[in-house]
Participant: 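Can you read through this structure? Questions will come right after.
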Protein chains: 2
Amino acid sequence: MIRLIVVEPEGSYNVGFIARLVKNFEVDEFYLVNPKCKMEEAINFSAQGRDILEKKALIVSAFDDAIKDLDIKIATSSIADNEGDLLRRSIKPWEIGKFISDDKKIGLIFGRESVGLTREEIFKSDFLLHIPGNPAYPVLNLSHAVSIVLYEVYKLRTSSIKNENISN
Amino acid sequence: MIRLIVVEPEGSYNVGFIARLVKNFEVDEFYLVNPKCKMEEAINFSAQGRDILEKKALIVSAFDDAIKDLDIKIATSSIADNEGDLLRRSIKPWEIGKFISDDKKIGLIFGRESVGLTREEIFKSDFLLHIPGNPAYPVLNLSHAVSIVLYEVYKLRTSSIKNENISN
Ligand SMILES: Nc1ncnc2c1ncn2[C@@H]1O[C@H](CSCC[C@H](N)C(=O)O)[C@@H](O)[C@H]1O
Ligand SMILES: Nc1ncnc2c1ncn2[C@@H]1O[C@H](CSCC[C@H](N)C(=O)O)[C@@H](O)[C@H]1O
Ligand SMILES: Nc1ncnc2c1ncn2[C@@H]1O[C@H](CSCC[C@H](N)C(=O)O)[C@@H](O)[C@H]1O
């Protein structure tokens, strides 16, 4: 089971795009922690993901409510792991496969456009996932980071269902 | 050498996001064929990819001008390959690795938000790339499709530079 958690998103377009991605990549659960944007505007960017916003998305007010029943919590960060001061083991998107299994509840946690996740939120997670990119500018827009991680998870889940290695 | 080609994009936000992605994933060349949106508005969505729009992006008026000197042309489509009527061999994002080499000019071609690429544009390409997703709704937003393909290419290029297989 995969739960996508987006913490205090600020851009309605990102929330709309993410709802669409939840449908594109068949995410099981979608939590929004205290969204800071207008949900009615988000619908304009959701295309056929509109019903995800209207029916599937769960809005909670606190980070802890979104993570409490998860087996594995994977936070994400635009900052690479070569900075020292490490709070959590750092992983790459294609390593998520090690954790995915039908009997585990996995949370994928994304942060605010402006300041990402707080140190406290990262500290409450088990791993910190970083998508590699230009060392001079690895900071992706929020919904594009979500798309890449959901794509990797979809690829891994469908390859294990088909019991064949398509990820190579 | 990787050239990203976006044909007649309609949404300025997509053009801005794509410019940011060009910087995030260090794409060599960026062509826009006859953009249908306001480039000044695109800048609002480009973050630190602003200089890509101002200096790197090349605007051409015809599809043929964007593809003429390429060795391999990879068109993309939201329609999966199990429909029959294939004009081109269909490949998956992680198969791009077979074509990437330092001495080849590779074009990655993306279509209009409304109607994708025309049959004629696809016919002029060598391969048709499809990102797998929900069979009931595999149609990604344009810039999110771009992010996934550029991520795979970046992964493959950096892994071959490092001469190690990170894509598994
Ligand atoms: N494996 C890891 N790799 C990188 N940073 C890590 C890490 N584990 C913990 N961290 C911490 O997480 C922080 C980055 S994420 C937090 C970013 C912050 N909200 C901001 O935008 O300024 C780092 O400064 C580091 O203190
Ligand atoms: N390269 C990358 N790898 C993993 N997640 C990324 C990413 N780029 C952006 N994100 C995701 O997108 C969110 C918004 S980007 C946050 C940027 C903020 N200035 C900061 O320094 O943290 C991040 O919290 C993270 O969830
Ligand atoms: N699953 C997918 N795989 C590959 N490219 C995709 C994709 N989803 C969207 N795209 C890209 O995003 C562009 C806009 S989406 C185009 C949708 C249009 N209604 C159609 O039926 O074609 C496409 O032309 C393609 O370049």
Side-chain angles (χ1 to χ4, degrees), chain A residues 11-14 16-27 44-52 78 91-95 97-98 113-114 131-159 161-162 165-168, chain B residues 11-14 16-27 44-52 78 91-95 97-98 113-114 131-159 161-162 165-168:
Chain A
S12 53
Y13 52 85
N14 272 328
F17 288 137
I18 292 170
R20 180 173 179 172
L21 289 163
V22 163
K23 190 154 184 179
N24 289 145
F25 292 120
E26 302 182 73
V27 175
N44 299 330
F45 297 90
S46 63
Q48 287 184 46
R50 187 190 177 109
D51 57 326
I52 301 291
S78 59
I91 61 169
K92 301 283 168 257
W94 54 89
E95 294 178 307
K98 294 178 196 156
E113 288 92 334
S114 53
I131 302 163
N134 186 344
Y137 188 43
V139 187
L140 298 162
N141 173 50
L142 168 60
S143 61
H144 295 86
V146 170
S147 72
I148 289 165
V149 175
L150 293 187
Y151 157 77
E152 278 284 7
V153 170
Y154 188 86
K155 201 165 86 167
L156 291 161
R157 289 176 105 189
T158 47
S159 78
I161 289 164
K162 289 186 204 138
N165 182 7
I166 60 164
S167 69
N168 185 34
Chain B
S12 52
Y13 53 85
N14 272 329
F17 288 137
I18 291 169
R20 180 171 179 173
L21 289 163
V22 163
K23 190 154 184 180
N24 288 145
F25 292 119
E26 303 181 74
V27 175
N44 299 330
F45 297 90
S46 62
Q48 288 184 45
R50 187 190 177 110
D51 57 326
I52 301 291
S78 59
I91 61 169
K92 302 282 167 254
W94 55 89
E95 293 178 309
K98 293 177 198 158
E113 289 92 335
S114 53
I131 302 163
N134 186 344
Y137 189 43
V139 187
L140 298 162
N141 173 49
L142 168 61
S143 61
H144 295 85
V146 170
S147 73
I148 289 165
V149 175
L150 293 187
Y151 158 77
E152 279 284 9
V153 170
Y154 188 86
K155 203 165 85 169
L156 291 161
R157 290 176 105 189
T158 48
S159 77
I161 289 164
K162 288 187 204 135
N165 182 6
I166 61 166
S167 68
N168 183 36

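Residue numbers start from 1 in every chain, and the chains themselves are labelled A, B, ... in the order their sequence lines are given, proteins ahead of strands. All heavy atoms count here, side chains included; hydrogens, waters and symmetry mates do not.
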Participant: Measure the CG-OG distance between L21(A) and S147(B) for me, rounded to the nearest 0.5 Å.
Facilitator: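 One gets 8.0 Å once the value is rounded to the nearest 0.5 Å.
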Participant: Please report the interatomic distance CG(L140(A)) to CG(N24(B)), rounded to the nearest 0.5 Å.
Facilitator: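 So the CG of L140(A) and the CG of N24(B) are separated by 4.5 Å.
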Participant: Measuring heavy-atom distances to chain A, does V139(B) have an atom under 4.5 Å in its side chain, in its backbone, in both, or in neither?
Facilitator: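 Its backbone and side chain both get close to chain A.
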Participant: Do Y154(A) and I131(B) come close enough that some side-chain heavy atom pair is under 4.5 Å?
Facilitator: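 No, side chains not in contact.
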Participant: Just how far is it from atom CD1 of I18(B) to atom CG of N141(A), taken to the nearest 0.5 Å?
Facilitator: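 I18(B) atom CD1 to N141(A) atom CG measures 12.0 Å (nearest 0.5 Å).
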Participant: Looking at P93(A), A145(A), G97(A), which one has more heavy-atom pairs under 4.5 Å with chain B than the rest?
Facilitator: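 It is P93(A).
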Participant: Hydrogens and angles aside, do E152(A) and Y151(B) bring a side-chain donor and acceptor to less than 3.5 Å of each other?
Facilitator: yes
Participant: Y137(A) and side-chain hydrogen bond (donor to acceptor under 3.5 Å, both in side chains): which single residue from R20(B), E26(B), Q48(B) fits?
Facilitator: R20(B)
Participant: Is any side-chain heavy atom of H144(B) closer than 4.5 Å to a side-chain heavy atom of S143(A)?
Facilitator: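 Yes - at least one pair of side-chain heavy atoms lies under 4.5 Å apart.
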Participant: For F45(A), give me all partners under side-chain contact (heavy atoms from CB on, under 4.5 Å), at least two apart in sequence or on another chain.
Facilitator: Y13(A), F17(A), Y13(B)
Participant: With sequence neighbours left out, what residues match D51(A) under side-chain contact (heavy atoms from CB on, under 4.5 Å)?
Facilitator: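 Here the qualifying residues are K23(A), K55(A).
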Participant: Could you go step by step and tell me if K155(B) and W94(A) meet the side chain to side chain contact (heavy atoms under 4.5 Å, CB included) rule?
Facilitator: CA-CA 10 Å; K155(B) 203 165 85 169; W94(A) 54 89; 3.3 Å; yes
